[in-house]
Protein chains: 2
Amino acid sequence: MRRDIFQAIADPTRRAIITLIAFQAMTPNAIAENFNTTRQAVSKHLRILAECELVKQEHQGREIYYSLEIDKMKEIDKWLEQFRKIWENRFNQLDNLLLTIKKAEK
Amino acid sequence: MRRDIFQAIADPTRRAIITLIAFQAMTPNAIAENFNTTRQAVSKHLRILAECELVKQEHQGREIYYSLEIDKMKEIDKWLEQFRKIWENRFNQLDNLLLTIKKAEK
DNA sequence: AATTTGCGCAATCGAAAGGTTTCATATATA
DNA sequence: TATATATGAAACCTTTCGATTGCGCAAATT
């Protein structure tokens, strides 16, 4: 199935996993210890994250270390870009308003 | 049901709606004209967006104008913050590497 | 060689998602 | 007042999601 990064971060457990492995690679078992679910459930989440290339695997013996593909996260940032322009502009408008008020006070 | 902004933006149609009404308020009918679904389907999406306060309504006679609650979008940005630090740091590391190479060339 | 450990995969299940159709209601228009 | 229009809500259906259970396989350990 076609996976999407926005769909990937929709699930709270997956967001937690992302945060967890952002700084250090971890095995499925180690990750699962942090949640109230089975290892298999975590494994499924990892598969979804891997499908949309949000995580990368590093095999080491029988263990698999998962780590965050940080560049992929930029895609979310990229989508936000269009809106950031708006809210920054709003802020400028507020600036202008405050300036107008100050002028009026003089 | 408890709605979540990340769940809200998981659906591609909802993301398109968000982009559509980011700059100007629109009625459900006008919004629906842009998609290959019924007005009722769009209405459902709007309800979900309203539930997590991503859109605000402005009643005007029998019409309802929907517009984006831009501040709510910042919550996504806020979550991204922690990762932005990482990828900016990566960039600095690359900078340092390039610097080291330059030094070595001398 | 036998057993334990780490892992992914497949089957199954209940809940939720997203869509359509049908309706009820309020406002505009004839 | 009768009719058309804009909208939300409810009922229903199919697909997808997230979780569990049971399994098989490869690597480590005994």
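Heavy-atom basis, side chains included; hydrogens, waters and symmetry copies ignored. Here is how names work: the chains are called A, B, and so on, in the same order as the sequence lines, proteins then strands, and each is numbered from 1.
One can place CD1 of B/Ile17 at 13 Å from C1' of C/dG19, the figure rounded to the nearest angstrom. Here the C1' atom of nucleotide C/dA26 and the CD1 atom of B/Ile64 are 10 Å apart, to the nearest Å. Atom-to-atom, OH of B/Tyr65 to P of C/dT27 comes out at 16 Å; the value is rounded to the nearest Å. Rounded to whole Å, atom P of D/dT16 lies 13 Å from atom CD of A/Glu51.
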Under 4.0 Å protein heavy-atom contacts per nucleotide of nucleotides 18-24 of chain D, with B for base, S for backbone only and - for none: BBBBB--
Can you give me every donor-acceptor pair (side chain of residues 19-34 of chain B, partner residue at least two apart or in another chain, under 3.5 Å) with its distance?
unit_1: B/Thr19; atom_1: OG1; unit_2: B/Arg15; atom_2: O; d: 3.1
unit_1: B/Thr27; atom_1: OG1; unit_2: B/Ala30; atom_2: N; d: 3.3
unit_1: B/Asn34; atom_1: ND2; unit_2: B/Ala30; atom_2: O; d: 3.0
unit_1: B/Asn34; atom_1: ND2; unit_2: B/Ile31; atom_2: O; d: 3.3

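There is a path of hydrophobic side-chain contacts, each under 4.5 Å, that joins A/Leu68 to B/Trp87.
Residues A/Glu63 and A/Tyr65 approach most closely at OE1-OH, 3.4 Å, considering heavy atoms. Nearest heavy-atom pair across B/Ile76 and B/Ile5 is CG1-CD1, 3.8 Å.
Rounded to the nearest 0.5 angstrom, A/Asp77 CG and A/Glu75 CD are separated by 11.0 Å. Atom CG in A/Leu49 sits 10.5 Å away from atom CD1 in A/Ile9 (nearest 0.5 Å).
Using a 4.0 Å heavy-atom cutoff across all strands shown, A/Tyr66 reaches sugar-phosphate atoms only and no base atom.
Proximity of A/Lys74 to B/Leu80: side-chain heavy atoms (C-beta onward) are nowhere separated by under 4.5 Å.
Within residues 19-32 of chain A, no residue has any heavy atom under 4.0 Å from DNA chain D. Sorted by residue number, the members of residues 54-63 of chain A with any non-hydrogen atom under 4.0 Å from DNA chain D read A/Gly61, A/Arg62.
Side-chain atoms of B/Arg14 never come within 3.5 Å of backbone atoms of B/His45 as a donor-acceptor pair (strictly under, hydrogens ignored). Judged purely by atom type and a 3.5 angstrom limit, A/Glu53 has no side-chain atom pairing as donor or acceptor with the backbone of A/Ala50.
Every residue was checked against the side chain to side chain contact (heavy atoms under 4.5 Å, CB included) condition with B/Lys85, not counting sequence neighbours, and none meets it. Take A/Arg62 and apply the side chain to side chain contact (heavy atoms under 4.5 Å, CB included) test, not counting sequence neighbours, and it matches no residue.
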